[in-house]
Amino acid sequence: MRRMEELNIVMKERLKKAEIFEQEGIALYPNHYKVDHKLSDVVEKLKDRTAEELEEAKERFCVAGRIMAIRSFGKSIFMHLQDDRNRLQIYLQKDRVSEDQFNFAKRVDIGDIVRVKGIAFRTKTGELTILVEDFVLLTKNLRPLPEKFHGLKDVETRYRQRYVDLIMNDFVREVFRKRTKIIQTIRQFLTERGFMEVETPMMQIIPGGATAKPFKTHHNALGIDLYLRIAPELYLKRLLVGGFERVFELNRNFRNEGISTQHNPEFTMLEFYQAYATYEDLMRLTEELFVALCDAVNKGNKQIIYQGESINLSPPWRVYQFMESLVEIGKLPEDKITTLDGTIELAKSLGIPVERYEGHGKLLTKLFDIVVEPKLIQPTFITHYPLEVSPLSRKNDENPDLVDRFELFIAGREIANAFSELNDPRDQRERFIKQIEAKQAGDEEAHEMDEDYIRALEYGMPPAAGEGIGIDRVVMLFTDMPSIRDVILFPHLKPEKKGD
RNA sequence: GGGCCGUUAGCUCAACAGGUAGAGCAGCUGACUCUUAAUCAGUUGGUUCGGGGUUCGAGUCCCUGACGGCCCA
């Protein structure tokens with residue numbers, strides 16, 4: 001049901017005008033007009049031509065765009081047309097177009113989409129301009145755009161009506177162009193290295209592969225509950241069992257948790273798996289990937305500025321073992337963190353709530369989140385995580401309490417998580433059982449048993465390493481955006497009004 | 001979930017110490033053939049987020065709810 005809305009004065013005027021146009025036989029939404037050139041291509045092509053060169057060439061162009069500004073005189077009119085990338089000025093003189101078209105051009109509104117044909121030239125002030133010979137309406141605007149100088153600032157409106165945000169704010173269009181470029185670059189990078197892109201279920205019977213609360217839905221015909229995936233991990237590893245040696249999936253995950261500047265309920269994740277590789281191989285691959293991203297969206301410059309901090313992405317990146325980072329970066333006393341009692345004491349002194357089901361490893365990661373993570377501004381790999389918090393990772397050969405895993409941190413945030421994969425089905429079953437015990441003790445996020453996954457491992461999964469990278473955070477990094485909402489086209493917000 | 005801040009014209013913002021709700025842009029009318037935040041003259045437009053309360057009087061104070069931002073958990 002559409003909400004009835006009081007029409008403001010401007011909209012009333014526009015509707016009235018639209019009716020008059022129709023009575024005059026002017027189509028408001030015609031679809032048969034073609035263009036010869038994209039507006040931005042004309043700007044790109046001619047931007048360095050001098051006034052004399054343009055005068056000499058007298059080249060004609062037919063372009064379309066949205067009217068963003070009108071400066072109207074008695075017998076001449078200037079307008080700015082905009083497409084997704086550029087703005088181009090057009091100039092109408094009364095004696096250069098038909099009288100009907102000139103009179104019509106006098107009555108169009110900011111926000112209308114029009115097509116013009118004309119000759120490119122430079123004005124006295126040197127601005128590239130099309131001298132119009134033909135002017136037609138393509139789409140009538142009925143709703144006034146935000147003010148031309150201050151634009152649209154209100155963040156709520158920007159997120160709820162992203163289409164207006166995109167019209168008004170050039171930097172927003174740039175952010176999303178960069179986002180697309182980053183995703184394309186990642187696909188190309190992996191494909192060139194023999195990875196195959198695959199699609200695995202978004203609706204899963206057992207939500208696995210991560211520790212998070214899932215969204216629940218229901219399949220009517222089957223009469224079963226399904227969960228939106230929190231990760232594709234266990235399906236991708238089934239493909240390793242099946243014989244695909246390098247696979248990746250770059251798509252949405254869903255986690256039923258709070259919304260913040262770092263979290264959207266649906267977010268984009270890259271996961272890739274490589275047989276016959278270790279987590280250390282993936283450290284090198286990750287460094288190479290970021291270099292490729294610098295080439296693609298940062299002109300090859302490996303220095304980026306994020307929220308005022310200068311970050312150097314040149315490899316090799318520094319590496320700390322998990323325990324080492326707590327002592328050296330977190331400045332925690334080594335003798336305390338090596339014992340459970342000492343760790344509980346430290347946690348309590350830092351105001352961290354300690355749950356009964358949380359073991360030593362889990363508590364250490366809570367300490368890490370507070371005392372180490374925010375300090376990891378420059379790219380840093382943290383390795384050798386506790387077994388307890390890594391139910392799908394391969395045990396370290398030297399120390400069975402640790403796993404062959406790393407996480408990557410940049411700008412004080414977790415960007416990637418990777419490990420050598422646990423492929424011993426007997427060990428995996430034990431790990432699942434431990435998780436179930438944690439769940440029974442109250443850990444809502446603990447992993448569930450997945451018998452089919454165990455069955456797959458029993459057929460034999462080749463030794464492999466896998467990694468997940470949070471794409472939204474990578475985009476934030478490369479676009480210098482402080483909130484995940486700034487890099488997601490339509491971020492989740494509460495509904496604006498109760499239904500009527 | 002908690003704390004702080006915010007919500008006023010289509011947009012960006014004012015409104016002292018509680019005393020008739022304003023400006024710029026946009027819109028409308030008119031003038032103007034190289035302007036670019038065009039200019040000049042005139043002019044329309046308000047459920048001050050919703051609901052209660054205090055008061056002679058509430059955009060402003062109090063209570064409550066909605067939505068948003070930032071921080072914390």
Side-chain angles (χ1 to χ4, degrees), chain A residues 3-18 20 51 54-55 67-82 86-97 99 102-103 105-112 118-132 141-165 167-169 213 257-263 307 347-348 350-355 366 369-370 374 412 481-486 491-500:
Chain A
R3 189 163 52 88
M4 289 307 287
E5 191 179 10
E6 288 288 318
L7 291 184
N8 67 60
I9 281 283
V10 183
M11 288 191 68
K12 281 180 188 158
E13 288 289 344
R14 299 238 163 140
L15 282 166
K16 202 168 80 188
K17 201 183 271 185
I20 293 170
L54 291 173
E55 178 64 27
I67 299 172
M68 296 303 289
I70 300 175
R71 293 174 294 281
S72 180
F73 300 79
K75 289 170 183 164
S76 67
I77 311 167
F78 289 91
M79 297 183 191
H80 269 116
L81 301 190
Q82 172 178 287
N86 279 304
R87 284 188 180 193
L88 175 61
Q89 182 169 257
I90 64 169
Y91 179 41
L92 288 101
Q93 282 187 323
K94 193 170 170 51
D95 48 16
R96 300 296 291 253
V97 290
E99 196 174 343
F102 189 81
N103 290 336
K106 280 240 140 188
R107 293 182 293 164
V108 296
D109 292 302
I110 290 172
D112 288 351
I119 297 169
F121 76 109
R122 279 190 193 279
T123 61
K124 275 182 192 165
T125 53
E127 180 164 350
L128 179 66
T129 303
I130 300 290
L131 180 59
V132 175
N141 164 289
L142 298 178
R143 197 176 276 270
L145 292 180
E147 193 230 337
K148 61 186 170 189
F149 189 60
H150 297 91
L152 179 63
K153 285 207 162 68
D154 182 75
V155 281
E156 191 175 346
T157 311
R158 286 187 46 221
Y159 296 149
R160 286 194 198 282
Q161 301 182 41
R162 183 68 91 182
Y163 37 92
V164 184
D165 191 27
I167 292 171
M168 297 308 296
N169 292 317
K213 290 178 205 159
E257 291 163 359
I259 295 179
S260 77
T261 52
Q262 307 296 314
H263 300 89
Q307 301 296 295
K348 285 184 170 162
L350 287 166
I352 301 169
V354 178
E355 303 291 342
K366 283 186 156 186
D369 289 349
I370 291 173
M481 287 293 122
S483 169
I484 195 169
R485 294 185 196 100
D486 294 320
H492 284 281
L493 299 175
K494 288 192 191 178
E496 50 190 320
K497 289 253 163 66
K498 287 153 281 190
D500 51 353

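A, B, ... follow the sequence lines: proteins, then strands. Residue 1 opens every chain.
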Classify the ring geometry between A/F73 and A/F78 as parallel (under 30°), tilted (30 to 60°) or perpendicular (over 60°).
perpendicular
Nearest 0.5 Å please: distance from the CE atom of A/M11 over to the CZ atom of A/R143.
4.0 Å
For A/I259 and B/rC67, give me the distance from atom CD1 to atom P, rounded to whole Å.
11 Å
Check: B/rU35 base within 3.5 Å donor-acceptor of A/Q89 side chain:
yes
Value in whole Å for how far the C1' atom of B/rA26 lies from NZ of A/K17:
11 Å
Phosphate contact (B/rC32 OP1 or OP2) by A/K75 side-chain N/O below 4.0 Å:
no
Note, RNA chain B 5' to 3' with Watson-Crick or G-U pairs under 3.5 Å encoded as ( ), [ ], | and . gives (((((((..((((.....[..)))).(((((.......))))).....(((((..]....)))))))))))).
Is the shortest side-chain N/O distance from A/R71 to OP1 or OP2 of B/rA38 below 4.0 Å?
yes
Can we say A/D369 and A/K366 salt-bridge, meaning some charged N sits less than 4.0 Å from an Asp/Glu carboxylate O?
no
Nucleotide B/rC34, atom P - distance to CZ of A/F73 in whole Å
7 Å
Rounded off to whole Å, could you give me the CE-to-P distance for the A/M11 and B/rG46 pair?
16 Å
Pairwise P distance, B/rU44 and B/rG51 [rounded to whole Å]:
28 Å
What does the list of N/O pairs under 3.5 Å between the protein and nucleotides 6-11 of chain B look like, with a distance for each?
from, atom 1, to, atom 2, distance (Å)
B/rG10, O4', A/N8, ND2, 3.1
B/rC11, O2', A/E147, N, 3.3
B/rC11, O2', A/G151, O, 2.9

Remember a base hit wins even if backbone is also touched, and classify A/R485 as base, sugar-phosphate or nothing at under 4.0 Å, heavy atoms.
sugar-phosphate
Below the 4.0 Å mark, does B/rC67 have OP1 or OP2 next to a side-chain nitrogen or oxygen of A/K494?
yes
To the side chain of A/E13, which of B/rU33, B/rC70, B/rG27 is closest?
B/rG27
Grab the NZ-C1' distance between A/K148 and B/rA26 for me, whole Å please.
8 Å
